[in-house]
Visitor: 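Before anything else, here's the structure in question.
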2 protein chains.
Amino acid sequence: MTWLDDEQQHLWRRWLLLTTRLPAALNRQLQADSDLSLADFDVLVKLSETDGGRVRSRELCAALGWEKSRLSHHLTRMGARGLVERTGAAGDARGSDVVLTPAGRAAIEAAAPAHVDTVRELFFADLTPAQLQALTALTDRVLDRLPD
Amino acid sequence: MTWLDDEQQHLWRRWLLLTTRLPAALNRQLQADSDLSLADFDVLVKLSETDGGRVRSRELCAALGWEKSRLSHHLTRMGARGLVERTGAAGDARGSDVVLTPAGRAAIEAAAPAHVDTVRELFFADLTPAQLQALTALTDRVLDRLPD
DNA sequence: CCCGGTTTGGTGACGTGTCAACGACAGCGG
DNA sequence: CCGCTGTCGTTGACACGTCACCAAACCGGG
């Protein structure tokens, strides 16, 4: 077996740190400012992007890249906080539509500006166009290589 | 408020995807091959790197960058599986030493080779030295900017 | 029409991570 | 020596994700 060399090992540890700390920092900001989690935010964004804030469950799953059970659990929690509602789907009695409530729409609209500012400040600040393209290439390559 | 531009938005979504999918893939490999989680692996690595596999709890916290309560919960679970043990610390009756059991040492030694191979295959494959350095610079810059 | 496989969504159990609070001890100034 | 403050580690409540499983409805071929 070959271990990683020093440079690789350094990068790997920094990477692991970054991929836990950055989401954690964003989560804290979102939680403190708007009482939403990153996951809540993603769901609300997808809902607010559609006409009427109404989306079929399995389409939400696909759009978010989530497992259905994860979405179901999450919607239950968000429903309890009045951000979304579940209604029977039109045309397929198995299905279920997720609807953005007025409170949910208000929450996402209130949360978005500060969140975007934080993302830009923590991640995009001082990122040169060249770095941006390099990183895009990297993420695309690794994602392609991933099973699934 | 200014939203992100198209390139930034693309990168941001890919980034979010990558930082959830890559750890998930590594987790599944570790779990399937060795019945360990990534967190288990990190703990075992730190323990196995020290003489006698015995470390003071708060040093483990610092080394891993974890919160103390997280470590405590995790050690409870790992203890139940026979991977580690807790003993009173020498010299400070408040403290607690974590000790690697023979089973824990066997587990980490069995798991390491396949895990490193997976990391190399999924992340480092085809990563040029230039990309490696660019990415290192990026992670360092973002981490420096992070609160905490 | 019926029957079997598939799709859709939900549930329970479990491992995981955070936060707030606590009890026990250490260490220090009076 | 006493008491105050900080440190160390644990615990309980809760949010989060995954897995295995299930029930209902759909849909195709016979």
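A note on names: the letters A, B, ... follow the listed sequences, proteins ahead of strands, and every chain is numbered from 1.
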Visitor: Report yes or no: do B:Arg56 and B:Ser96 form a side-chain donor-acceptor pair below 3.5 Å?
Guide: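 Short answer, no.
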Visitor: Using whole Å, report how far CG of A:Asp97 lies from C1' of C:dG10.
Guide: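 For the pair A:Asp97 CG and C:dG10 C1', the rounded distance is 16 Å.
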Visitor: Please state how far atom CD in A:Gln31 lies from atom C1' in C:dA20, giving the value in whole angstrom units.
Guide: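 After rounding, the reported distance stands at 15 Å.
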Visitor: Let's see if you can work this out: which of D:dC16, C:dG10, D:dC8 has an atom nearest to the side-chain heavy atoms of B:Arg56?
Guide: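 So the side chain of B:Arg56 is nearest to D:dC8.
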Visitor: Between C:dA26, C:dC19, C:dG9, spot the one nearest the side chain of A:Arg28, thanks.
Guide: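 Of C:dA26, C:dC19, C:dG9, C:dC19 is nearest to the side chain of A:Arg28.
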Visitor: B:Asn27 has an atom CG; how far is it from atom C1' of C:dG17, in whole Å?
Guide: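 These atoms are roughly 13 Å apart.
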Visitor: Quick check on DNA chain C: between A:Ala24 and A:Ser69, whose nearest nucleotide comes earlier from the 5' end?
Guide: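 In this pair, the answer is A:Ser69.
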Visitor: Of A:Thr136, A:Leu132, A:Leu127, which is the lone residue that meets side-chain contact (heavy atoms from CB on, under 4.5 Å) with B:Gln8?
Guide: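 Checked A:Thr136, A:Leu132, A:Leu127 against B:Gln8; only one passes side-chain contact (heavy atoms from CB on, under 4.5 Å): A:Leu132.
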Visitor: Could you state the NE2-P distance from A:His74 to C:dG9, rounded to the nearest angstrom?
Guide: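 One finds 17 Å between P of C:dG9 and NE2 of A:His74, rounded.
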Visitor: For the side chain of B:His73 and the base of D:dG9, is some donor closer than 3.5 Å to an acceptor across the two?
Guide: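 No such pair is found, so the answer is no.
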Visitor: Would you say the base of D:dT7 and the side-chain of B:Arg94 have a donor-acceptor pair closer than 3.5 Å?
Guide: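 Checked by distance alone, the answer is yes.
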Visitor: Should the ring pair A:Trp15 and B:Phe123 be called parallel, tilted or perpendicular, given that the plane angle runs from 0 to 90° and is split at 30 and 60?
Guide: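 Taking B:Phe123 first and then A:Trp15, their aromatic rings sit tilted (interplane angle of 30° to 60°).
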Visitor: Using a heavy-atom cut-off of under 4.0 Å over every strand shown, decide if A:Arg81 touches base, sugar-phosphate, or nothing.
Guide: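 Touches nothing.
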Visitor: Nearest whole angstrom, please: distance from the P of D:dG17 to the CZ of B:Arg21.
Guide: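 The answer, rounded to whole Å, is 13 Å.
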Visitor: Between the base of D:dC8 and the side chain of B:Ser96, is there any donor-acceptor pair under 3.5 Å?
Guide: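 When only heavy-atom distances are counted, B:Ser96 does not reach the base of D:dC8 through any donor-acceptor pair under 3.5 Å.
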Visitor: Can you tell which of C:dG10, C:dG15, D:dT11 lies closest to the side chain of B:Thr76?
Guide: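 Nucleotide nearest to B:Thr76's side chain: D:dT11.
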Visitor: Checking A:Arg54 against A:Thr87: is there a side-chain donor and acceptor pair closer than 3.5 Å?
Guide: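 Per modelled atom types, A:Thr87 and A:Arg54 side chains form a pair under 3.5 Å.
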Visitor: Write down the distance between CG (B:Asp35) and C1' (D:dC19), rounded to a whole number of angstrom.
Guide: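 My rounded result for the distance is 14 Å.
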Visitor: From C-beta outward on A:Ala93, which listed nucleotide comes closest to its side chain: D:dG9, D:dC16, D:dA25?
Guide: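 For A:Ala93, the side-chain atoms sit closest to D:dA25.
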Visitor: For the residue pair B:His74 / B:Asp40, report whether a side-chain donor-acceptor contact shorter than 3.5 Å exists.
Guide: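 Yes - a donor-acceptor pair under 3.5 Å links their side chains.
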Visitor: Given that A:Asp40 and B:Asp92 both sit by DNA chain D, which one's nearest nucleotide is further toward the 5' end?
Guide: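 Taking each residue's closest nucleotide, the earlier one in sequence belongs to B:Asp92.
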Visitor: If you pin A:Ala39 and B:Arg70 to their nearest nucleotides in DNA chain D, which one's is more 5'?
Guide: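 Nearest-nucleotide comparison on DNA chain D picks B:Arg70.
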Visitor: Under 4.0 Å: is that the gap between some side-chain N or O of B:Arg58 and OP1 or OP2 of D:dC8?
Guide: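 Yes, within the criterion.
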Visitor: For A:Phe41 and D:dC16, what is the distance between atoms CZ and P respectively, to the nearest whole Å?
Guide: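 Those two atoms, CZ and P, are 15 Å apart.
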Visitor: In whole Å, I'd like the distance from the NZ atom of B:Lys68 to the P atom of C:dC19.
Guide: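 Whole-Å distance recorded here is 12 Å.
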Visitor: Less than 3.5 Å between a donor and an acceptor, one on the side chain of A:Ser37 and one on the base of D:dC16, is that the case here?
Guide: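 Result: no qualifying N/O pair found.
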Visitor: Supply the atom-to-atom distance B:Arg105 CZ to B:Thr101 OG1, rounded to the nearest 0.5 angstrom.
Guide: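 Nearest 0.5 Å value for the CZ-OG1 distance: 9.5 Å.
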